[in-house]
Amino acid sequence: MRWVSFSMTQPDLFGEAFEREGVAILRGFALADDMALVAAIKAVAAAAPFRHMIVPGGGRMSVAMTNAGIGWVADTKGYRYDRLDPLSGEPWPDMPSVFLDLAHRAAAVAGFDFTPDGCLINRYEPGAKMGLHQDINEGDYSAPIVSVSLGLPATFQFGGLKRSDPVEKITLHHGDVVVWGGPARKAFHGVLTLRAGHHPIGGHRYNLTFRKAL
DNA sequence: AAGTTTCA
DNA sequence: CCCG
């Protein structure tokens, strides 16, 4: 099987151009569904509350997380995907249909037939950040990663396959969707410290990251 | 280790 | 003091 290579450029839409093989930036793709997405996030969080996970080494993540479907979990032992929320022992809430539909449509733009089984929901309060890392705990690297930004803007860093590779910065705004796969699937990426600001959905940023975890 | 801290 |  041959994997699909693609790239999309959004020159000067926000005074920034970005072009990288295997990465598509869909500006405003989620705008039409933003309120439904936020409502679904709140419904998931009502059953599986946001929490600050501990990483190996003992550090506490500044980003608060919960999951729908198969969940990403960190603790002192390592990183893993789990059907159960360790906080409750119960399965993570089901993936909301508005999540699944949006992720599928966004991935299709980039040439993927993508049915995620998990969505990691990140909540960034001002001061929160996400260090450079790879998404490499999934079972199927032929599936892309789909990332949805809601709320306050953030500076996203996209690097290469080695931590030391140069990093490109791009501002992600409310409603933007990023799809990466193929040669970019295991690229290092991260989010710079969120700056305080005002947004109709609140003074924070949500990020939905869809994966084929199992 | 997707963490922090410290230093040059 | 912040940044890389």
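Every chain is numbered from 1 and lettered A, B, ... according to where its sequence line falls, protein lines coming before strand lines.
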Subject >> Working for side-chain contact (heavy atoms from CB on, under 4.5 Å), residues Leu150(A) and Asp34(A) >> reply: CA-CA 7 Å; Leu150(A) 296 166; Asp34(A) 61 348; 4.1 Å; yes
**OP:** Keeping the roles fixed (side chain from Arg20(A), backbone from Gly159(A)), state whether a donor-acceptor pair exists under 3.5 Å.
**Re:** yes
Subject >> Any side-chain heavy-atom pair of Val109(A) and Phe29(A) under 4.5 Å >> reply: yes
Original post:
In B/S/- notation, 5' to 3', how is nucleotides 1-8 of chain B contacted by protein heavy atoms closer than 4.0 Å?
Top reply: BBSS----
**OP:** Taking Asp117(A) for its side chain and Ala213(A) for its backbone only, find out whether a donor-acceptor pair lies under 3.5 Å.
**Re:** yes
Original post:
Would Arg185(A) count as a cation-pi partner of Tyr141(A), with NZ or CZ less than 6.0 Å from the six-membered ring centre and within 45° of the ring normal?
Top reply: no
Subject >> Salt bridge flag under 4.0 Å for residues Arg80(A) and Asp82(A) >> reply: yes
Listed pairs, N/O of protein and of nucleotides 1-4 of chain C, under 3.5 Å:
| from | atom 1 | to | atom 2 | distance (Å) |
| --- | --- | --- | --- | --- |
| dG4(C) | OP1 | Lys169(A) | NZ | 3.1 |

Subject >> For Pro56(A), all residues meeting side-chain contact (heavy atoms from CB on, under 4.5 Å), sequence neighbours excluded >> reply: Tyr79(A)
